[in-house]
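Below, all heavy atoms of this structure are taken into account, side chains as well, without hydrogens, waters or symmetry copies. Every number for a ligand or one of its atoms is a count from 1 in the order of the listing.
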Amino acid sequence: MKDRFWLKLAAKLTFVILTVGLIAGCFRGEPKEEPPIHLNPNMFKQPKYKAQSESEFFPDGATMRQPVPGTVAADSLRKDNAYYSGRDENDSLLAKMPVPVTMQLLKRGRERFNIYCAPCHGQTGDGQGIMVQRGYLPPPSYHQDRLRNMADGYIFDVITNGVRNMPSYRHQVPVADRWAIVSYLRALQRSQNASINDIPPELRESVK
Ligand code: HEC
């Protein structure tokens, strides 16, 4: 008999608690100024300065400090000016690219060229890319003496800064890839301006 009494009481209590919990769950918490109560605060609260916050320590009252003069952000040291600008110490465009041309570089250049340049300039550099076929202003063909005789640094500069109607590709194409594209563009020009005498005699038959 006594057992049943406690059992009933426990059942009633459970019911009440569940109901109250259920109803309470329907109400949204009000925004509060107070931080939530942490029963186990761990290291939630630490004295520290946050960005843009006020400081009583520094005379100018700001927490944030200017970097020490001469500070260079990681990976931002541009010591080799020719490599990063395509120009020599007199600010003239480099006649020859400052990195050795390897098969690997050419392949990278071909890949990047076909992504970033071919849409306008065409895969052979004739200036008839898909954009032009759909109405974009046609760029000049690379296969003319004026552009064949341009300095390597000029092509680098065109990619970096754009030229007249061509936009800059400095954000899409990092410096190393620009040189790779320059090497490939030179190869393209060579390929479209070759005679049968450029081919070793034993291979001439195969291309006729
Ligand atoms: C959105 C189309 C477009 C893309 C993409 C493009 N170009 Fe051009 N490019 C042009 C146009 C248009 C011109 C002609 C600019 C003018 O003379 O007004 C041009 C001109 C050039 C010239 C000749 C500049 C001169 O002196 O006549 C070079 C070299 C060149 N682009 C290289 C590149 C390279 C390398 C890429 C890839 C990184 C590239 N372009 C991507 C549109 C493009």
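Proximity of a side-chain donor or acceptor of Trp179 to a complementary backbone N or O of Tyr83 within less than 3.5 Å is detected. Between the side chain of Glu205 and the backbone N or O of Glu202, no donor-acceptor pair lies under 3.5 Å. Distance alone, capped at 3.5 Å, is enough to place a donor-acceptor pair between the Gln189 side chain and the Tyr142 backbone. Ser76 contributes no side-chain N or O that, together with a main-chain N or O of Val72, makes up a donor-acceptor pair within less than 3.5 Å. For Asp60 (side chain) and Ala62 (main-chain N/O), a donor-acceptor pair under 3.5 Å exists by modelled atom type. In this structure, His143 contributes its side chain and Arg190 its backbone to no donor-acceptor pair below 3.5 Å.
Under a 4.0 Å criterion applied to the non-hydrogen atoms of Ile159, ligand 1 contributes the atoms 35 (C), 38 (C). Close contacts of ligand 1 with Val158, meaning ligand atoms under 4.0 Å from a residue heavy atom, involve 28 (C), 30 (C), 31 (N), 32 (C). Atoms of ligand 1 lying under 4.0 Å from any heavy atom of Tyr116, numbered from 1 in the order shown and given with element: 5 (C), 37 (C), 41 (C).
Among protein heavy atoms, the minimum distance from atom 17 (O) of ligand 1 is reached at Arg164 NE, 2.8 Å. For atom 26 (O) of ligand 1, the closest non-hydrogen atom on the protein side is Tyr154 OH, 2.4 Å. Of the protein's non-hydrogen atoms, Leu137 O, 3.7 Å is the one closest to atom 12 (C) of ligand 1. Atom 14 (C) of ligand 1 has as its closest protein heavy atom Pro140 CD, 3.5 Å. For atom 5 (C) of ligand 1, the closest non-hydrogen atom on the protein side is Tyr169 OH, 2.9 Å. In terms of protein heavy atoms, atom 23 (C) of ligand 1 is closest to Leu147 CD2, 3.9 Å. Considering only non-hydrogen protein atoms, atom 2 (C) of ligand 1 sits nearest to Cys120 SG, 1.9 Å. What sits closest to atom 32 (C) of ligand 1 on the protein, heavy atoms only, is Tyr142 OH, 3.2 Å.
By the 6.0 Å and 45° rule, Arg65 stacks over the aromatic ring of Phe58.
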Quick one: do Arg204 and Asp198 satisfy salt bridge (charged side-chain N to carboxylate O under 4.0 Å, His left out)? Show the steps, please. CA-CA 9 Å; Arg204 280 180 202 166; Asp198 292 315; over 6 Å; no
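Here the angle at atom 8 (Fe) of ligand 1 defined by NE2 in His121 and SD in Met166 stands at 180°, rounded to 10 degrees.
In the model, Asn161 has a side-chain atom that pairs as donor or acceptor with a side-chain atom of Asp157 under 3.5 Å. Using a 3.5 Å distance cut-off with no hydrogens or angles, the side chains of Ser92 and Arg87 do not pair a donor with an acceptor.
Between Val132 and Gly127 the shortest heavy-atom distance is CG2-O, 3.6 Å. For the pair Ala95 and Ala151, the tightest heavy-atom approach, listed with the atom from each and the gap, is CA-CB, 3.9 Å.
Here's the thing with Tyr136: none of its N/O atoms is less than 3.5 angstrom from an N/O atom of ligand 1. For ligand 1, the polar-atom distance check against Asn165 finds a nitrogen or oxygen pair separated by under 3.5 Å. Residue Arg146 has at least one nitrogen or oxygen atom sitting less than 3.5 Å from a nitrogen or oxygen atom of ligand 1, judged on distance alone.
Not a single N, O or S atom of Cys117, from either the backbone or the side chain, sits less than 2.8 Å from atom 8 (Fe) of ligand 1.
Heavy atoms of Phe113 come nearer than 4.0 angstrom to ligand 1 in no pair at all. Every heavy atom of Pro119 sits 4.0 Å or more from the atoms of ligand 1.
One option in Pro138, Pro139, Ser168 has a heavy atom closer to atom 11 (C) of ligand 1 than any other, and that option is Pro139.
Linking ILVMFWY residues whenever their side-chain heavy atoms come closer than 4.5 Å, directly or via other members, leaves Val16 and Leu18 in distinct clusters.
Contacts with ligand 1 closer than 4.0 Å are made by heavy atoms of both the backbone and the side chain of Val163. Contacts with ligand 1 closer than 4.0 Å are made by no heavy atom of Val182, backbone or side chain.
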